[in-house]
4 protein chains.
Amino acid sequence: MADLQNVLDEIVQEAAECADRGVVASYIPELAKVDPDQFGIAVALPDGQVVSAGDAGTGFSIQSVSKVFTLTLALGKLGDGLWARVGREPSGNPFNSIVQLEQEKGRPRNPFINAGAIAVADLVLAGHQPREAIGEILRFMRQLADDDSIVIDESVAHSEMAHGDRNASLAHFMKSFGSIDNPVDHVLGVYFHQCAIAMTCRQLARAGLFLAGDGRDPATGAQVVSSARARRINAVMLMCGHYDGSGEFAHRVGLPGKSGVGGGILAIAPGKASIAAWSPGLDPVGNSKLGSAALEQLARRMGWSVFRA
Amino acid sequence: MADLQNVLDEIVQEAAECADRGVVASYIPELAKVDPDQFGIAVALPDGQVVSAGDAGTGFSIQSVSKVFTLTLALGKLGDGLWARVGREPSGNPFNSIVQLEQEKGRPRNPFINAGAIAVADLVLAGHQPREAIGEILRFMRQLADDDSIVIDESVAHSEMAHGDRNASLAHFMKSFGSIDNPVDHVLGVYFHQCAIAMTCRQLARAGLFLAGDGRDPATGAQVVSSARARRINAVMLMCGHYDGSGEFAHRVGLPGKSGVGGGILAIAPGKASIAAWSPGLDPVGNSKLGSAALEQLARRMGWSVFRA
Amino acid sequence: MADLQNVLDEIVQEAAECADRGVVASYIPELAKVDPDQFGIAVALPDGQVVSAGDAGTGFSIQSVSKVFTLTLALGKLGDGLWARVGREPSGNPFNSIVQLEQEKGRPRNPFINAGAIAVADLVLAGHQPREAIGEILRFMRQLADDDSIVIDESVAHSEMAHGDRNASLAHFMKSFGSIDNPVDHVLGVYFHQCAIAMTCRQLARAGLFLAGDGRDPATGAQVVSSARARRINAVMLMCGHYDGSGEFAHRVGLPGKSGVGGGILAIAPGKASIAAWSPGLDPVGNSKLGSAALEQLARRMGWSVFRA
Amino acid sequence: MADLQNVLDEIVQEAAECADRGVVASYIPELAKVDPDQFGIAVALPDGQVVSAGDAGTGFSIQSVSKVFTLTLALGKLGDGLWARVGREPSGNPFNSIVQLEQEKGRPRNPFINAGAIAVADLVLAGHQPREAIGEILRFMRQLADDDSIVIDESVAHSEMAHGDRNASLAHFMKSFGSIDNPVDHVLGVYFHQCAIAMTCRQLARAGLFLAGDGRDPATGAQVVSSARARRINAVMLMCGHYDGSGEFAHRVGLPGKSGVGGGILAIAPGKASIAAWSPGLDPVGNSKLGSAALEQLARRMGWSVFRA
C-alpha cells in the first residue's frame, strides 16, 4: 500500500496548493464556522486497513452522507416495500426543490434529495420516539465504523433545527399528501440529528466498506446487507448521490458516491475500496469542490471505475 | 459458452410465455406495424464471438439506440468541447420534454433525450450536406458491426419525417436559442435517418463491443475511442440511457444501457460483454418491457453488474 | 327594488332545481359536514339596503373571501409598500401550488393564492400577538358589515389547524426565503382564524359595499380606503380572485369577485352593488358552482359588467 | 374635447422629457431599426372623432395588438366553439413560453400568448390559402379603421419569418398534439403577416372603437359583434392582454388593453373611448414602457377605470 499512500500524499499536496476551494455552506451558522483550508482523504481496503492523508482524523459533519446509512437501515426494516414510498430516479433538480414533489403528489424521486431522506427518516422512526430512532442510527454508524467514539454534534443539530424552514416545508408538504406517518416535528428531529453526526474521513471510509464488499464487511465478516441490496444501494448512489451534479460525478469519477454539504463525500469502488474525502468548500451544485477533484484524481491513478473493463 | 447459450435459451422461453408484453410504439405508423410477439437477444463476447437466441437475426429499427453511436462520432469530431453544447445530467423528465429546455435556455440536459440527440446530429452534420452525414453515420455502424449489409429503412425515415412535429418543435426551439448551427430541416433529416437504421440483435451487440473493451474493439484490435472516453460514454448511458426510467434500469440491471422506441436495448458489461435485446412492446416510460426483463435476468444469472465487487 | 327581488327569487328557484351542485370541500372535516342543498344570495345597494333570497341569513365559513379584507387592512398599515412583498399577477396555477413560489424565490404572485394571503397575514400580525391580530380582523369585519354579532367559528379554526400541513409547508417555505417576519405558527394561527370567520350572505354583501363605492361606505359615509385603492383592490379581485378560474369568471360574470372553499363568493359591481352568493358545492377549480352560475345570471339580467359601455 | 387635447399634449410633453424609455425589441432586425424617441397617442370617441398628439400619425408594426382583431374574426367564424381550442386564463408566464403548453397537452391558455394566437390564426385560415386569410384580416382592419390605406409591411413579415424559430417551435408543438389543423408553414405565414400590419395610433384607436361601444361601431352604426361578445373580448384583454404584466396593467391603468412588441398598446374605456398609445421602448415584460405610463396618466386624469363607481 506504499503506492496508495504516495498517491494520497500527492493528492493532499495538490489540494494544499489549490486556491479555488469553493464556498463553505452558510445556511446554518455552525457549518459556516468551519475552516475552509482543511482537506482529508481516507481509503478503507478489503482487509479493513485504512490508509489516509491530510486531515483524515479530523471530525466533520457528515450531513447528507448519512442518507446512505439511513437508507440501508430503512431497507432492513421494510425491504423493497420502501420503494413504494420513495422513488429511485435522478431528480434533475436541486437538493431541496419542492417542484417535483408537487408534480409527483408528495412522493419523493429518490432517497438522497432532502424530501426523500426525510421520508426515509419517517420510516426509520416507524412509531418510535425520535430519541430511540436517533440512538439506533448512531449505533448503526458506530458498528459499521467499528468505533464507539462517534457522536452527534448537538450544536449542529440545534442549528439545523433553528434554520430548518425549508426542510419543514418539505415535510409538511409530504404530510399533506400522506407520505409521512409520524408527526412532522418528530421526523425532522431524527433527520436533523442524523445530519449532525460527526465523523472523520477514516471512520467514514471504514463505515462504507460493506458497500465495496457486496454487503459483507470484509474486515469482520459480518453480512450487513445481501449482495443484491449492496449493489442496489451503490446504483442509487451513482444515479442520485450528487444531486444535480450526479451525471458530472459519474462522468469524471466513475464511482458511486454520496456527498454532504459539510464537504464530505463517500465513494465506493466495488471490490477495491471505500473512500472518504473531505474539504468544506462546495461547488455551485453543493458538492465538495476539492473532494470531487481528489476522488477524480485517485480513481484515475488507481484505475478505479465501474465503467472500465 | 454452452452455459451462456443455455441462459439465453431459457430467457427466450420465458419471454415467449409472457402475456404482458407492453405496448408497441404507435407514434409513427411504420413502427406500429411490427409484430409484438418477437423477441431476440444476442451477447457479443470479448473474442468477437456472438451468442444469441430467439429472433436475434431479425432486423428492427434501432431508433434511439443510435444516439450512443452518433455521440461517439461527434465526440471524435469535437472532443470534450461537445459538452459545452450538451449537458450530461439525467433529465428527470420524459424523452421528448421541452420544459427543461426552456429552463436551461436551449441547452439540452444530455445527449440521449431527443433534444440532446438532435443537437448531436447538428454537430455531426457540421456544415456538410445531410446526405454526407447520414452516409458517415451508416459507415460507422457498418464498421463497428463488421457488417456492410446494414441499411437505413427509408420507409421508417419518411414516416418519422411525416410525423416529426414534436422533434421539429425541439429543433426550432434550440435554433431560437442558437444551440443549433445548421438549418433545422437538415438536422432533422440526419436525425430521422439515424433513428431509421435497421439492425439485428447480433449486429447491434457486435457494434457495441468497443464499449465493453475500454474503447478497443477486442475482435479487430482497433481502438475506436480512448479508454477514458469509452468509460465516459458508459457513464452517460448508465445515467441517462433509459430516459426517466434510468434509475430503475440501473437498479434492476446494473449495467449501462440505451433503449430505443423500436424495442431495442444495448447494454454493456465492461470487460465481459456487449448485449442487445429486442422486443417491440414498451413500458409506460418508453423502454422495451421484455427487453429490460431479459437483461435483468441475464445480468443476475451471469453475475454481471458494475456495482458488484 | 321589486325587480331585483324578483330576479333573486327566480335565481333561488333555479338553483333549487339544479341537480349538479358540485362537490363540498372535504379537506377539513368541519367543512365537509355542511348541507350541500343550501343556497343564498344577497345584494347590498349604495343606500345600504340589502335585498336577498334563499338561505341568505344562514352563516357559513367565508374562508378565502376573508383575503379581500385582510388585504385591505394590510394596505392600510403598509400602503403600497405591501406590493414589495406580494405580487399582483394571476398565477396560472392552483390556489395551493408551491411551484411558482420556488421559481419566484418565496415571493407569492398575488395576495389571493394561499401563499400570498399567508404573507398578508404576516403583515397584519406585524409583531403583535396572534390574538390581537385576530381581534383586529374581526373588529374590521364587524365594522364593515355594521354587525357586531359576527364571530369566528372556533371548531373550523381548529379543524384547519389540525389539517393545515399544506399551508404550513407554504409558510415554512416563505420563511426560508425571509418572506415572513413572524413565527410560522403565529402567522398560521392568524390565517386559520381569518378563514374561519362565519358570516351570512347579507353580512358579507354589506361588508363589501365600500368596494362598490370607490372606497366609501355609502351607507355610513365613512371613507374606508381611498378611491384609488378601492379601484386597485377591485382590479386584484378581478385578476386573481378565482384562482385558476379567474379568466373564466371574468368572461362569464364580468365583475371583480373573490371566492372561498366554503362556497361563498363576494362580487362587486362598481357604483351599483356589492353581492354575496353562497352554495357549498365547488367546481373542479375550487369555486362555488351554483354561486358562480347565480352571479352570471344576476349580472346578465341586471346588465352589470365592468366591460360594458 | 379641448380638455382631452390638453391632457394628451401634456402627456406627449412628459414623454419627451422621459430619459428611461425602455428597450426597443431586437429579436427581428426590422423592429430594432425603429427610432426609440417616437411617441404617439390617439383617443377615438363614441362619435368617431379621433383626438391625438405626438407621433400619432406615424405608422408602426402593430404586432400582437393584431391578436385582438384575429380573435374577433375567429369568434365570428366559430362562435364560442373557439374556446374548446384555446383557453381564456392568464398564463403566469412569458408570452412565448412553451412550458404551460406541454403541461396542458398543446392547448394554449389564452388567445393572446403567441401559442394561442397561432392557434387562432389556424382557425382563421380554416382550409383556405394563407394569401386569402391574410387578405381577410387586412380587409377587416381597414373596415374597422375606416381606412383603406392600411397595409402589411412585407419587410417586417419576411424578417419575422426568417427569425421565427420560437414561433415555429410553438406551432410544431401544437401540431404534434393535433391542436392545429392546417400545415404549420401556412399557419405561420398568416401569423407573421398579421403581426406585420402597420398602423398609426389614429387608425388603431379608430379600429378598436367597437369594443368601447358594446360591439357597435358608434360612428358607422355597424354592429361588429354582439354586445355580449364585445364584453367578453374586453374581459380577455384585461386578463391576458399584457402577458405576465397583465395584473400590473389592470392595477395601474384599470382598462382592458393589448400590447405588442412594436411598442403599441390598444386600451378600451367602455362607453368612453378607444385609445392607442405607441412608443417603441419596452419594459422587461415586453410591454411599451412609455405607452403604459401614458395610459396610466390618461386614465387617471380622465377618471377612466372599469373599477370605479
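Protein chains get the first letters and strands the later ones, always in sequence-line order, with residue 1 at the start of each.
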Please classify the contact of C:Arg109 with chain D as side chain, backbone, both or neither, using a heavy-atom distance under 4.5 Å.
side chain

Heavy-atom cut-off 4.5 Å, strictly under: side chain, backbone, both or neither for C:Ala212 against chain D?
backbone

Tell me, please, which residues at least two apart from D:Ser64 pass side-chain hydrogen bond (donor to acceptor under 3.5 Å, both in side chains).
D:Lys67, D:Tyr243

Among residues at least two apart in sequence or on other chains, which ones pass side-chain hydrogen bond (donor to acceptor under 3.5 Å, both in side chains) with D:Ser246?
none

Look up atom CZ in D:Arg232 and atom NE2 in C:His251, then write down how far apart they are to the nearest 0.5 Å.
5.5 Å

Atom pair CZ/CE of D:Phe249 and C:Met239 - distance to nearest 0.5 Å
10.5 Å

Heavy-atom contacts under 4.5 Å, residues 76-87 of chain D to chain C
D:Trp83

Would a 4.5 Å heavy-atom cut-off, applied to side chains only, mark D:Arg308 and C:Asn234 as touching?
no

Rounded to the nearest 0.5 Å, what separates atom CZ in D:Arg231 from atom CZ in C:Arg252?
14.0 Å

Which residues from residues 268-277 of chain D are near chain C, with near meaning under 4.5 Å between non-hydrogen atoms?
D:Pro270, D:Gly271

Would you compute the distance between atom CZ of D:Phe307 and atom CG of C:Asp214 and round it to the nearest 0.5 angstrom?
12.5 Å

One option among C:Ala230, C:Gly245, C:Pro256 has the most heavy-atom pairs under 4.5 Å with chain D, and it is C:Gly245

Donor-acceptor check, side chain of C:Glu248 to backbone of D:Glu89, threshold 3.5 angstrom: yes or no?
no

Heavy-atom distance under 4.5 Å to chain D: side chain of C:Ile233, backbone, both or neither?
neither

Grab the two heavy atoms, one from C:Ala235 and one from D:Ala250, that are nearest each other, plus how far apart they are.
CB-O, 3.6 Å

